Amino acid sequence: MADVLETLKRRGFLQQMTDEASLSEILASGPTTFYVGFDATAPSLHAGSLVPIMAMAHLQRAGHRPIALLGTGTTLIGDPSGKTESRPLLSREEIARNKEGIRANLENFLALDGEKGLLLENGTWLEPLKYLDFLREIGRHFSVNRMLAAETYKIRLETGLSFLEFNYQVLQAYDFLVLYRDYGCRIQAGGDDQWGNMVAGTDLIRRVMGPGAKAEAMTFPLLTTASGAKMGKTEKGAVWLSAERFSPYDYYQFWINADDRDVRRFLLLFTFLPEEEVEALAALQGAEIRKAKETLAFEATRLLHGDEEAQKAREASRALFGGAGDASRAPTCILSPGEADQEMDLPALFVRAGLCKSRSEARRLILQGGAYLDGERVKDLEKKVDLSRLDPEKGILLRAGKKKYCRVIRAPE
RNA sequence: GGGCAGGUACCCAAGCGGCCAACGGGGCCAGACUGUAAAUCUGGUGGCGAAGCCUUCGGAGGUUCGAAUCCUCCCCUGCCCA
């Protein structure tokens, strides 16, 4: 069995470990069960969750058994760790809906068939808990003094921390105990903001299961891009993993627009390319780096959306930005025949294609010279576009600014 | 429950009766320069528009020719006290 911990370390996955020697020993001794928790706060995960997911995939490839734990119970509480304010409470219905989306995201990367990997939800054991029993059996192991001193709650102690949220850590620790006891899960992994919650879990296991109990925790770095933004967020919002919320083309573009300084790190984290290959790509200088970015984008898109979608996205990207490739793969807006028969002025067209939010915004765009029709800059606000004779294949290509494209075509009668 | 301080556009934050669609900064958008990078510079950043109009300053009422600005009630947040 290859030293997967070493691999993870070299590829930049590891931030903190409770006991590196012990972890290494556990992983080397044979197939091991480990878990990573995911909050069910949204109907899709976003790119920020990719680090843990990729780490899980590496471990699974090395023969270990991942448990993806969906926080259907803990999400009812809300994790205050490192947050400046509490989130609105989610209903059970929302959480149930979110769960399905997240499951689909995870299954793109991991086998969660119950054999090679498991998908569990902590609502299963948290929902039936009896308050008094829980306090007596689990609550007594927690020191309020220590929890209050924790760094993750520091901000919240100034701005307000409700008793509800204060319980989050206790519940997450309890999760680990349940998984340890009932599923033989010995390792918890997660983002570095989870460190406090994870260590609370290993402590609880030792206290409840006795000093011989060996449970470990490891965290992954919380990535920021070289320009300081949180990984997985763009100005327009999160980079979702669900194709419905964030198209494969947009996903591809997200990666290809990576900052130069991030390319090496991203290739190591978000692709399975061998390290030598990554180093070769990362060594490219100047404009050549675009080759490395194209590889990054293609591989990352392939992992999430599959080979076919990745190829389509690459075709579109090449066509729009390089002049080669098939432009019909570009994002497309289809007009009904009724719509197409009406003349539209330029602002209306840009709004209809979704490139601008309001007519005012479209007007600004056009006035400032950021609007293009089939590659030609257009500055005439009044210009009418005759859509009734659009070529049903090619349509007309709209561009807003440097990077946003939309092809408008007319639906067949 | 009592006392105090607050709630202004994506965020921070001015404004405290007309000159306010609301200073400034950040962010974001566009342009120039580039390599679909970074940095830099310029312009823009509620909506509809030709002028102009319409909707905004926690919510609802009120005073006034005129309110983000004054008054009343309510909601929310933080701090201190119970």
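Order of the sequence lines sets the chain letters (A, B, ...), proteins ahead of strands, with each chain counted from 1. Since we're looking at a predicted model, the values are computed, not measured.
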Open item on the list: Using a 4.0 Å heavy-atom cut-off, does Arg399(A) contact any base of the nucleic acid, only the sugar-phosphate backbone, or nothing at all?
Closed with: nothing
Task: Phosphate OP1/OP2 of A32(B): any Arg377(A) side-chain N/O under 4.0 Å - done: yes
- [ ] Using a 4.0 Å heavy-atom cut-off across all strands, classify Glu288(A) as base, sugar-phosphate, or nothing.
- [x] nothing
Task: Base partner of C79(B), which must satisfy Watson-Crick or wobble distances under 3.5 Å - done: G3(B)
Open item on the list: Is Tyr249(A) close enough to U36(B) that one of its side-chain N or O atoms is under 4.0 Å from OP1 or OP2 there?
Closed with: no
Task: Polar pair under 3.5 Å, donor/acceptor by atom type, side chain Gln368(A), base G44(B) - done: no
- [ ] Start with the C-alpha gap between His64(A) and Phe34(A), add the side-chain angles, then the distance that decides, and say whether ring-ring contact (aromatic ring centres under 6.0 Å, His included) holds.
- [x] CA-CA 8 Å; His64(A) 301 292; Phe34(A) 66 98; 7.0 Å; no
Open item on the list: Mind checking if Tyr372(A) touches a base, just sugar-phosphate, or nothing, with heavy atoms under 4.0 Å?
Closed with: sugar-phosphate
TODO: Pick base, sugar-phosphate or nothing for Ile256(A), based on heavy-atom distances below 4.0 Å to the nucleic acid.
DONE: base
Open item on the list: Under the ring-ring contact (aromatic ring centres under 6.0 Å, His included) definition, can you give me all pairs with a residue in residues 129-149 of chain A, not counting sequence neighbours?
Closed with: Phe134(A)-Tyr174(A)
- [ ] Classify the side chain of Ser317(A) versus the base of U36(B) as yes if they form a donor-acceptor pair under 3.5 Å and no if they do not.
- [x] yes
Open item on the list: Heavy atoms only, 4.0 Å cut-off, all strands: where does Asn257(A) land among base, sugar-phosphate and nothing?
Closed with: base
- [ ] Could you tell me whether Gly286(A) contacts a base, only the sugar-phosphate backbone, or nothing, with contacts defined as non-hydrogen atoms closer than 4.0 Å?
- [x] base
- [ ] Sticking with atom P, work out how far C57(B) lies from G52(B), rounded to a whole angstrom.
- [x] 24 Å
- [ ] Answer with base, sugar-phosphate or nothing: what part of the nucleic acid does Ala400(A) contact at a heavy-atom distance below 4.0 Å?
- [x] sugar-phosphate
Task: Backbone N/O of Glu244(A) and side chain of Ser242(A): donor-acceptor pair under 3.5 Å - done: no
TODO: Kindly indicate whether the side chain of Glu361(A) and the base of U45(B) share any N or O donor-acceptor pair separated by less than 3.5 Å?
DONE: no
